[in-house]
Amino acid sequence: MTHIHGTARNQTLSSLGGKPFSVQGGKIIYIKVHKLMGDDLAEVSANGQRFLAKLESPLKEGERQWVEVKQTETGISLKLIPSPQSDGEGMASKLLNHLSVSDDEKEMTSLVKELVKDKIPIHKEMLAFAGKHVTGKDAPLHSKIIVEMAKRNMPFTDRVFLSMKAGEKGDFISMLDTLSSRLKEAGGDGGTLQMIQRLQEPLRRNISENILIKALTGLADSSQTYATRLGHFDVLKSLGFIPGETVMNQWKEGLSGMILDRVTSDMGVELSSSEGLRSVRNQASGSGQESTKQASSLVHKWMNVLTGSQTRLEGIEEETPEAAARQLIELAGKERLVEVNVSRLEQIWGKGAPSSNQAKIFQMLHHQTVSDLTEQIQGDELVKVLKRVIGDFGINYEAQVHKGYDVQGQTLKEHLIGLSQNHPASDIRQLADDIVLRMNHQVLHSQDPSPLLTIVQQFPMYLFGRNTDITLQWTGKEKEKGVIDGDYCRVLFYLNMKEMDETLIDMQVQHRVISLTVWNDHPAALALSQPLIPDLKHALEKLDYQLSAVKVKKPDKHESLSERILGDEFNQTFSGVDVRI
């Protein structure tokens, strides 16, 4: 939690469609006069930003007025717009008339009234854009979106408007399932289907990794029979993890050589997806031959721990055969290949009586792995799943491209953009674009010019048949550019589960002390949560956080938790413990 990065802050404002507040000619802004400087010059402020301007009409210090900005070569001058002695609707009509926009449409008058109430700058281009959208039965919704765009200083373009509106559309789960069905019917774009499948089966990588760990530790376990170890060896070769030319009695040399070849050849690569490689680079501090020697020493260390030929201190979790197998798997960097081969072997050996010792071992490893994950997935395993889903989903695709990362073909968002532009079927193009717009919606909501940084992450989660969209919202002080301070922040976690229905978890962090409020209407919510608290407290202590309290509350029947997670109350503050819902 110490390194939670924002989406919007990692992109340029132009790529997002947002821009900072600016004082431009033709804008109507609400100012406060702070200091009269003489010669009609005054220090004023609008939207919390101070600047110097010439006043065309005499105003007093402390006075607040609506003015029109005029930009000249000599600077900024402000023309007073006299305020009528009436309600906000009268001021709205006055401003519409001043900008030569008709006030006959009640929707436009209502929109400007909202802008006036919130002291939001107004300009003619904004109202021209609003005139196209604030009509018909959707006028109230569209008006609300335009006000939000104005608050966030977004440009008034159709693309930004549609992205802001996309939050009202269906959930990611149903949209992705529909797109998957249509692509299968159309018989094309296997790359996008593969990316959707990765999201629909988020445990597939975990299954592959755990099968590898079980197979590798089984091969290295000298207490097993030769036939059993040979079965594990053959499975590892079928998965592409051990080189095909390797023979059983030289498996250690073959595996070590393969890993060292990969590690040493990639030593000079600046960016790698492998945590194992980064670990090697951190420990191999020298260069050239010295670095290769240190890398070789590290690989041989883990091989010795794996085979039990290196004495380890009792109880050191990091030096178990399973931990060694995990380290070697990360160093080998064959996760994608193994994942594909696990799927292939599932098709060949997944059902029916095994036809060979290798098939028998694979079925046993697969069954054990799936059972273990289904019953015990938690902690680090669940964190891996969430990170992988967010990465594959690709909400930050544009930001990564802007930073120069090579992410070609690695995210669903990139595939969807390609579909929306190039697929021959119009309904598939539209559906792909709708999903992209919904992704952009949360990026735009994460853009906030205030000192508090708000990050919104929404993504689909398919887990054991309990499919739901998950929403995470982080709010806190910006520790550095785009990074939330993990010592002082607030995290909102929303999901809709089949058995528990709507659940909102509100986590408040102050001085690394955490208080949790769980909003859920299920009668057994309190009883179900109590046995989990000791493990939660212990896990947080390992991360240097202290759990102070866990409260379970019932939400107001008249309000939806899903609508409130992105609401103004949550965006405005993160201090305190109790939240009224």
Side-chain angles (χ1 to χ4, degrees), residues 17-33 40 42 44-49 51 53-60 62-72 75-165 168 444 449 568:
K19 56 185 178 182
F21 172 73
S22 61
V23 183
Q24 297 173 331
K27 267 191 176 182
I28 305 294
I29 61 176
Y30 191 74
I31 65 161
K32 177 183 178 180
V33 180
D40 298 327
V44 301
S45 66
N47 271 33
Q49 179 171 312
F51 57 95
K54 184 176 182 179
L55 301 177
E56 293 190 2
S57 303
L59 294 174
K60 298 177 182 178
E63 193 171 353
R64 301 173 187 265
Q65 290 287 351
W66 284 96
V67 296
E68 180 181 4
V69 177
K70 290 185 177 182
Q71 192 112 30
T72 67
I76 298 171
S77 64
L78 305 175
K79 179 182 178 181
L80 176 66
I81 302 175
S83 302
Q85 298 299 316
S86 60
D87 56 13
E89 188 167 337
M91 189 65 211
S93 296
K94 177 79 174 179
L95 293 177
L96 284 168
N97 290 329
H98 183 83
L99 292 169
S100 302
V101 177
S102 172
D103 61 351
D104 292 341
E105 298 291 337
K106 63 178 183 179
E107 291 89 352
M108 286 295 292
T109 302
S110 177
L111 168 65
V112 177
K113 183 179 176 180
E114 286 299 310
L115 296 171
V116 168
K117 183 179 73 174
D118 292 337
K119 311 296 188 298
I120 297 173
I122 302 168
H123 52 91
K124 196 165 185 176
E125 291 76 11
M126 172 204 296
L127 299 182
F129 179 85
K132 296 190 301 181
H133 297 283
V134 185
T135 57
K137 64 178 182 179
D138 291 331
L141 170 62
H142 291 181
S143 179
K144 182 180 178 182
I145 292 172
I146 289 172
V147 170
E148 188 67 22
M149 290 170 65
K151 282 182 179 179
R152 295 173 182 268
N153 299 307
M154 295 175 182
F156 290 92
T157 65
D158 289 337
R159 194 68 185 166
V160 172
F161 176 81
L162 290 173
S163 294
M164 293 293 287
K165 185 180 177 181
E168 304 296 324
L444 291 169
D568 289 338

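Atom CZ of R159 has more than 12 neighbouring heavy atoms from other residues, nucleotides or ligands inside a 6.0 Å radius.
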Task: Trace of the side-chain contact (heavy atoms from CB on, under 4.5 Å) decision for L115 with M126 - done: CA-CA 11 Å; L115 296 171; M126 172 204 296; 3.6 Å; yes

Task: Worked check of side-chain contact (heavy atoms from CB on, under 4.5 Å) between K79 and V67 - done: CA-CA 5 Å; K79 179 182 178 181; V67 296; 5.9 Å; no

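Side-chain contact check for E148 versus M154: every heavy-atom pair is 4.5 Å or farther apart. Using a 4.5 Å heavy-atom cutoff, the side chains of M91 and I81 are in contact. Using a 4.5 Å cut-off on side-chain heavy atoms (C-beta onward), I76 and Q71 make contact.
Contact detail for A92 and T109: the closest heavy-atom pair is CB-O, 3.7 Å. Between A42 and V33, the closest heavy-atom pair is CB-CG1, 4.4 Å. Closest of all the heavy-atom pairs between A139 and E107 is CB-CG, 3.7 Å. Closest non-hydrogen pair, I145 versus M164, comes out as CG2-CB, 3.6 Å. Across every non-hydrogen atom of A150 and I120, the tightest pair is CB-CG2, 3.5 Å. When all heavy atoms of F51 and I29 are compared, the closest pair comes out as CZ-CD1, 4.0 Å.
Using a 30° and 60° split on the angle between ring planes, F156 and H123 fall in the perpendicular class, above 60°.
The CZ atom of F129 sits 5.0 Å away from the CE atom of M149 when rounded to the nearest 0.5 Å. If you take CG on L111 and CD1 on I146, they are separated by 6.0 Å, rounding to the nearest 0.5 Å. Distance NZ/K113 to OG/S93: 10.0 Å, rounded to 0.5 Å. Distance check, rounded to the nearest 0.5 Å: CD1 of I122 to NE2 of H98 gives 11.0 Å. Rounding to the nearest 0.5 Å gives a distance of 11.0 Å between CD of Q65 and NZ of K60.
For residues 115-128, the set of pairs meeting the salt bridge (charged side-chain N to carboxylate O under 4.0 Å, His left out) definition, not counting sequence neighbours, comprises E114-K117, D118-K151. For residues 126-138, the set of pairs meeting the side chain to side chain donor-acceptor pair (under 3.5 Å) definition, not counting sequence neighbours, comprises H133-D158.
With sequence neighbours left out, the salt bridge (Lys or Arg N to Asp or Glu O under 4.0 Å) criterion links E56 to K70.
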